[in-house]
A.B. asks: 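This is the structure, below, for whatever I ask next.
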There are 2 protein chains.
Amino acid sequence: MKFSKATDYALHALMYMIHRDGETTKIPVQDLSLALNVSTTYLSKVLTRIVKANYISSTSGAKGGYRLQQNWENVSVYDIVVAIDGVQTLFEDSFDHGEECRIQATMMEAQENLINTLKNKKLKDLTV
Amino acid sequence: MKFSKATDYALHALMYMIHRDGETTKIPVQDLSLALNVSTTYLSKVLTRIVKANYISSTSGAKGGYRLQQNWENVSVYDIVVAIDGVQTLFEDSFDHGEECRIQATMMEAQENLINTLKNKKLKDLTV
DNA sequence: CCAATTATAGATATTATAAATCTATTATAT
DNA sequence: ATATAATAGATTTATAATATCTATAATTGG
């Protein structure tokens, strides 16, 4: 019952990018890696997922790097969680008690409240 | 980012006990094991934690078993989660950005909403 | 075109944790 | 005394997260 470190890395990397230049410059993973003290290989593997999800762009080669997309302000914390870990179910009932299982319903309700909090928090809100 | 199966087992075992006899009879783990289709050894290991947390009692030996405590109605789903998995932090920030880290604050807020949902749901509510 | 730089992909290794089993021990009723 | 039942500790198995390594593809500047 934990969020992944990868999500933590991604969020901090994004905040670094936002605070540094906004969506104006490309930032190579090495810079981010240095700032966060996480290996370049792993961090780039993580960031590639954010690229796939289209919240940042990337360009290979010299002078390349990662850059925020114009829409970054509307991206929620939950979007990042999903981009990294996929849509997770916090609770997988081992029993086939069906729809009317109140235990499952309770867990789902709790999970919804968690998710909604993260959906309502945009990256922009974290910069204020 | 998952609840443990053990918690699932415990909750279902408790519901079985509640529905069967309330706090009147001792139920050996073998009965529960049969009802849930979980091994007796593992289930008893799980239930022992619920005993330690004082939400059920146990007696060894012939005609022994597990029995609900009189206070079971006031026990929340969160109480069971904690009894099994301990107090968990859903998010452990890898960076020492301190109190004012907004990422951490957001995750904590989301976690609080999750926990409060589970605190407000009593075992009694699951039986209705 | 060449060399340097940078992201990506795939395979693999490492760690950590949950899930489950096994054995021995202790307690209780008949 | 014997059968029943919980508990404790050690150990195994399974699974997922974390991380590294190597090779490949793309881009820039000379």
Side-chain angles (χ1 to χ4, degrees), chain A residues 1-10 12-13 17 25-34 36-68 81 83-95, chain B residues 1-13 17 25-34 36-68 81 83-86 88-95:
Chain A
M1 201 175 134
K2 285 230 176 294
F3 285 97
S4 68
K5 279 190 172 194
T7 295
D8 194 23
Y9 295 164
H12 279 278
M17 292 169 80
T25 355
K26 294 176 218 154
I27 304 180
V29 74
Q30 189 142 17
D31 288 20
L32 298 163
S33 162
L34 259 165
L36 301 187
N37 199 33
V38 174
S39 81
T40 55
T41 40
Y42 190 55
L43 190 55
S44 96
K45 176 145 292 191
V46 169
L47 290 180
T48 297
R49 299 208 185 191
I50 308 292
V51 173
K52 289 270 168 55
N54 219 39
Y55 303 132
I56 61 179
S57 64
S58 69
T59 39
S60 298
K63 307 279 174 185
Y66 296 98
R67 178 158 52 186
L68 292 166
V81 171
I84 300 296
D85 292 327
V87 177
Q88 295 272 347
T89 322
L90 221 57
F91 187 75
E92 281 174 30
D93 204 303
S94 307
F95 309 102
Chain B
M1 199 175 135
K2 285 231 177 293
F3 286 96
S4 67
K5 278 191 172 193
T7 295
D8 193 25
Y9 295 164
L11 287 170
H12 279 277
M17 291 170 79
T25 354
K26 293 177 218 154
I27 304 180
V29 75
Q30 188 142 19
D31 289 20
L32 298 163
S33 161
L34 258 166
L36 302 186
N37 198 34
V38 174
S39 80
T40 56
T41 41
Y42 190 55
L43 190 54
S44 96
K45 176 147 292 192
V46 168
L47 290 180
T48 298
R49 298 207 186 191
I50 307 292
V51 172
K52 287 269 168 56
N54 220 37
Y55 303 132
I56 61 179
S57 65
S58 68
T59 40
S60 300
K63 307 277 172 186
Y66 296 98
R67 176 158 53 185
L68 291 166
V81 171
I84 299 295
D85 293 327
Q88 295 272 347
T89 322
L90 220 55
F91 187 74
E92 281 174 30
D93 205 304
S94 307
F95 309 101

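In what follows, chains are A, B, ... by sequence order, proteins preceding strands, each numbered from 1.
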A.B. asks: Return the value, rounded to whole Å, for the distance between atom NZ of Lys5(B) and atom P of dT21(C).
C.D. replies: 10 Å
A.B. asks: Determine, for nucleotides 25-30 of chain D in 5'-to-3' order, which nucleotides have protein heavy atoms under 4.0 Å from the base (write B), from only the sugar-phosphate (write S), or from neither (write -).
C.D. replies: -BBS--
A.B. asks: Identify whether any heavy atom of Ser44(A) sits under 4.0 Å from a base atom; if not, whether one sits that close to sugar-phosphate; answer base, sugar-phosphate or nothing.
C.D. replies: base
A.B. asks: Taking only the side-chain nitrogens and oxygens of Lys52(B), find out if one of them lies under 4.0 Å from OP1 or OP2 of dA8(D).
C.D. replies: yes
A.B. asks: Measuring only between side-chain heavy atoms, which start at C-beta, is Ser4(A) closer than 4.5 Å to Tyr9(A)?
C.D. replies: no
A.B. asks: Closer than 4.0 Å, any side-chain N/O of Tyr66(B) to the OP1 or OP2 of dT7(D)?
C.D. replies: yes
A.B. asks: Flag the pair Val38(B) / Val46(B) as yes when at least one side-chain heavy-atom distance between them is below 4.5 Å, and no otherwise.
C.D. replies: no
A.B. asks: Measure the CD1-CG distance between Ile27(A) and Leu32(A) for me, rounded to the nearest 0.5 Å.
C.D. replies: 5.5 Å
A.B. asks: Lys45(A) side chain: which of dA20(C), dA11(C), dA18(C) is closest?
C.D. replies: dA11(C)
A.B. asks: dT20(D) phosphate, OP1 or OP2: any side-chain N/O from Ser39(A) under 4.0 angstrom?
C.D. replies: yes
A.B. asks: Test your reading of the model: is there a side-chain donor-acceptor pair from Thr89(B) to the backbone of Glu92(B), 3.5 Å cut-off?
C.D. replies: no
A.B. asks: Starting at CD1 of Ile50(A) and ending at C1' of dT8(C), how long is that distance when rounded to a whole Å?
C.D. replies: 15 Å
A.B. asks: Hey, is the side chain of Thr48(A) poking within less than 4.0 Å of OP1 or OP2 on dA7(C), counting only N and O atoms?
C.D. replies: no
A.B. asks: Ser58(A) side chain: which of dT21(C), dT20(D), dT8(C) is closest?
C.D. replies: dT8(C)
A.B. asks: For the pair made of CG in Leu43(B) and P in dA18(C), what is the distance, rounded to whole Å?
C.D. replies: 18 Å
A.B. asks: In terms of the nearest nucleotide of DNA chain D, which residue is placed more toward the 5' end: Thr7(A) or Thr41(A)?
C.D. replies: Thr7(A)
A.B. asks: To the side chain of Gln88(B), which of dT8(C), dT7(D), dA18(C) is closest?
C.D. replies: dA18(C)
A.B. asks: Heavy-atom distance under 4.5 Å between the side chains of Thr48(B) and Tyr66(B), does that happen here?
C.D. replies: yes
A.B. asks: Whole angstroms only, please: what is the OH-P distance between Tyr42(A) and dA7(C)?
C.D. replies: 17 Å
A.B. asks: Does any part of the side chain of Ile50(A), heavy atoms only, come nearer than 4.5 Å to the side chain of Ile84(A), both counted from C-beta?
C.D. replies: yes
A.B. asks: Please classify the nucleic acid contact of Tyr9(B) as base, sugar-phosphate, or nothing, using heavy-atom distances under 4.0 Å.
C.D. replies: sugar-phosphate
A.B. asks: Over how many whole Å does the gap from Ile27(B) atom CD1 to dA6(D) atom P extend?
C.D. replies: 11 Å
A.B. asks: Would you say that more than 12 heavy atoms from the other residues, nucleotides or ligands in this model lie under 6.0 Å from the NZ of Lys63(A), or not?
C.D. replies: no
A.B. asks: Expressed as a whole number of angstroms, how long is the span from Leu47(A):CG to dA9(C):P?
C.D. replies: 13 Å
A.B. asks: Mind checking Val29(B) for me? I need base, sugar-phosphate or nothing, with any heavy atom below 4.0 Å counting as a touch.
C.D. replies: sugar-phosphate
